[in-house]
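Just below is one structure, and these are the notes that go with it.
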Protein chains: 2
Amino acid sequence: MSKRENISTSVIKRLPRYYRFLNGLNRDGVVRISSRELSIRMGLTASQIRQDLNCFGGFGQQGYGYNVEQLFKEIGHILGLQNLHKTILIGAGNMGRALASHIDFEHHGFHVVGVFDKKESMAGQMVHGMPVRLMSGLEDFCRNNHPEIAILCTPDEAAEQLVPVLLKLGVMGYWNFTHYDIVAKHPDTAVQNVHLEDNLMRLSYQVSALKNNDMKRANI
Amino acid sequence: MSKRENISTSVIKRLPRYYRFLNGLNRDGVVRISSRELSIRMGLTASQIRQDLNCFGGFGQQGYGYNVEQLFKEIGHILGLQNLHKTILIGAGNMGRALASHIDFEHHGFHVVGVFDKKESMAGQMVHGMPVRLMSGLEDFCRNNHPEIAILCTPDEAAEQLVPVLLKLGVMGYWNFTHYDIVAKHPDTAVQNVHLEDNLMRLSYQVSALKNNDMKRANI
DNA sequence: TAGATTGTTAATCGATTAACAATC
DNA sequence: TAGATTGTTAATCGATTAACAATC
């Protein structure tokens with residue numbers, strides 16, 4: 001399916017953005033687009049776009065460019081969005097519940113089949129159209145339903161204890177909202193970390209730097 | 001303050017992780033650490049750590065290493081965490097409310113001074129210890145309170161309309177949970193994007209790739 | 001002093017950009 | 001056919017790693 005074996009993470013990182021832009025163009029009724037035109041819209045170089053796409057195959061046509069709808073679907077397929085990976089949400093606190101109602105899992109390759117929390121008071125409450133289950137039932141649930149993905153919205157210490165258990169139960173993909181470093185301890189997993197605080201600290205750096213520059217400019 | 005003028009984004013991206021690790025070491029009572037020891041714990045090279053830190057100054061001592069507490073504080077200072085940038089949260093839906101209760105803004109350089117939503121029914125409800133205000137009062141509020149940062153938890157279209165208004169009111173930093181591309185349209189802003197769906201799609205790619213590999217291995 | 005470890009320069013590696021022949 | 005634009009190779013740029021003299 002894929003042309004090359006190992007695609008660099010730099011390329012993978014850009015794929016979702018291509019997907020979003022092409023979705024927009026497609027909805028706007030744009031039929032064809034050249035790498036140059038797309039590069040201007042996205043703020044990239046045309047070279048980079050052609051290099052990126054050619055990691056996966058020759059989707060364009062000389063003298064014409066790329067068919068928007070076809071390319072959109074191709075990238076969706078490369079990203080594996082046609083899948084519906086069985087997914088469990090662990091931790092139904094503020095963040096967990098917000099994700100459950102905010103994210104369109106089904107259009108991004110996932111299907112949430114269970115929600116868990118350790119709090120007795122949460123048990124039975126409805127989240128994402130299903131009742132919250134207690135953590136004590138997690139292992140049985142996994143043995144019966146074979147989820148492949150876990151969304152971790154627990155405290156860091158809980159994640160540390162959970163991951164080895166989940167791995168044994170066959171869960172190999174993790175959307176990790178904790179700061180527990182899954183990949184370091186368990187290399188054979190698929191992990192995306194969402195470190196919101198790290199992101200916020202980078203914003204702090206940027207804003208502070210921006211202010212420093214303003215002050216320097218004022219001095220000159 | 002900073003040794004060099006332009007620090008590469010690669011370095012900036014790693015700073016929050018250094019900060020977290022050093023915080024942990026400091027809490028565990030570790031007094032000194034060498035770049036080699038830290039590199040093993042963090043899964044980096046010692047070279048990279050020394051290069052990264054030396055962008056900002058010589059914090060270490062030959063033959064000794066780095067003082068954990070001092071380095072922790074230095075990095076916090078570099079990140080600007082001593083600041084309390086006045087911040088408004090726009091959009092008090094699931095995600096906005098989850099952030100308000102989940103993130104420790106005060107320890108990451110920010111101070112939330114106002115929460116806004118366009119829904120009449122939200123007005124007056126308490127979020128982060130303060131009543132939700134209607135969007136109609138946004139401009140007056142900004143003229144009186146001079147917030148510098150906005151957390152955007154609105155639909156994409158709302159963000160597109162809001163940013164030019166906010167910019168004129170002096171808001172130059174954005175924690176952006178929408179897909180509206182602020183930097184492309186307004187280069188002189190400080191922006192961190194949190195594209196949760198993009199992150200999820202990368203996980204989809206990784207999991208799909210992992211499965212493909214397993215299948216190939218089974219064939220051999 | 002001798003051993004350890006930094007700060008910094010040089011070498012390597014990978015990613016981005018430029019150029020252009022192939023071709024629709 | 002002529003013009004446009006890709007796919008791909010070569011050149012450049014930047015980031016990471018290695019090496020080592022400086023020095024605590």
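Naming: A, B, ... by sequence-line order, numbering from 1 per chain.
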For this session: Look at the side-chain N and O atoms of S35(B) and state whether any lies under 4.0 Å from the OP1 or OP2 oxygen of dT6(C).
Result: yes
Problem set entry | Phosphate OP1/OP2 of dT17(D): any T45(B) side-chain N/O under 4.0 Å | yes
Seminar exercise, completed: Which of D117(B), L152(B), T178(B), I151(B) passes side chain to side chain contact (heavy atoms under 4.5 Å, CB included) with I90(B)? It is L152(B)
For this session: Respond yes when some side-chain nitrogen or oxygen of S47(A) is under 4.0 Å from OP1 or OP2 of dT16(C), and no when none is.
Result: no
Exercise. Measuring from T87(B):OG1 to Y174(B):OH, what's the distance to the nearest 0.5 Å?
Worked result: 12.0 Å
Exercise. Quick one: on DNA chain C, does Q61(B) or Q62(A) contact a more 5' nucleotide (nearest heavy atom)?
Worked result: Q61(B)
Exercise. Can we say R41(A) and D181(B) salt-bridge, meaning some charged N sits less than 4.0 Å from an Asp/Glu carboxylate O?
Worked result: no
Problem set entry | Residue-phosphate contact under 4.0 Å: R50(B) side-chain N/O, dG7(C) OP1/OP2 | no
For this session: Write down the distance between CG (N54(A)) and C1' (dA15(C)), rounded to a whole number of angstrom.
Result: 16 Å
Exercise. In whole angstrom, what separates Q51(A)'s CD from dT6(D)'s P?
Worked result: 13 Å
For this session: Please figure out whether S8(A) or G63(A) has its closest DNA chain C nucleotide nearer the 5' end.
Result: S8(A)
For this session: Figure out the CG/P separation between L44(B) and dA18(D), and round it to whole Å.
Result: 13 Å
Problem set entry | N/O (side chain, R32(A)) to phosphate O (OP1/OP2, dT6(D)) under 4.0 Å | no
For this session: Starting from P on dT16(D), measure out to CD1 on I49(B) and report it in whole angstrom.
Result: 13 Å
Exercise. Between dG7(C) atom C1' and D52(B) atom CG, what is the distance in whole Å?
Worked result: 13 Å
Exercise. Can you find a side-chain donor-acceptor pair between E148(A) and H85(A) that sits under 3.5 Å?
Worked result: yes
Exercise. Taking any strand in view, what nucleotide pairs with dC20(D) in a Watson-Crick or G-U wobble way, both distances under 3.5 Å?
Worked result: dG7(C)
Exercise. For K13(B) and dT16(D), what is the distance between atoms NZ and C1' respectively, to the nearest whole Å?
Worked result: 14 Å
Exercise. Rounded to the nearest Å, what distance is computed from the CD atom of residue E37(A) to the C1' atom of nucleotide dA4(D)?
Worked result: 13 Å
For this session: Give the rounded distance in Å between these two atoms: CD of Q48(B) and C1' of dT12(C).
Result: 14 Å
Problem set entry | OP1 or OP2 of dG7(D) under 4.0 Å from side-chain N/O of Y66(A) | yes
Problem set entry | Pair partner, dA15(C) [Watson-Crick or wobble, under 3.5 Å] | dT12(D)
Exercise. Side-chain donor or acceptor of S10(B) under 3.5 Å from a matching atom on the base of dA15(D)?
Worked result: no
For this session: Please check if atom CZ in R36(A) has more than 12 non-hydrogen atoms from other residues, nucleotides or ligands closer than 6.0 Å.
Result: no
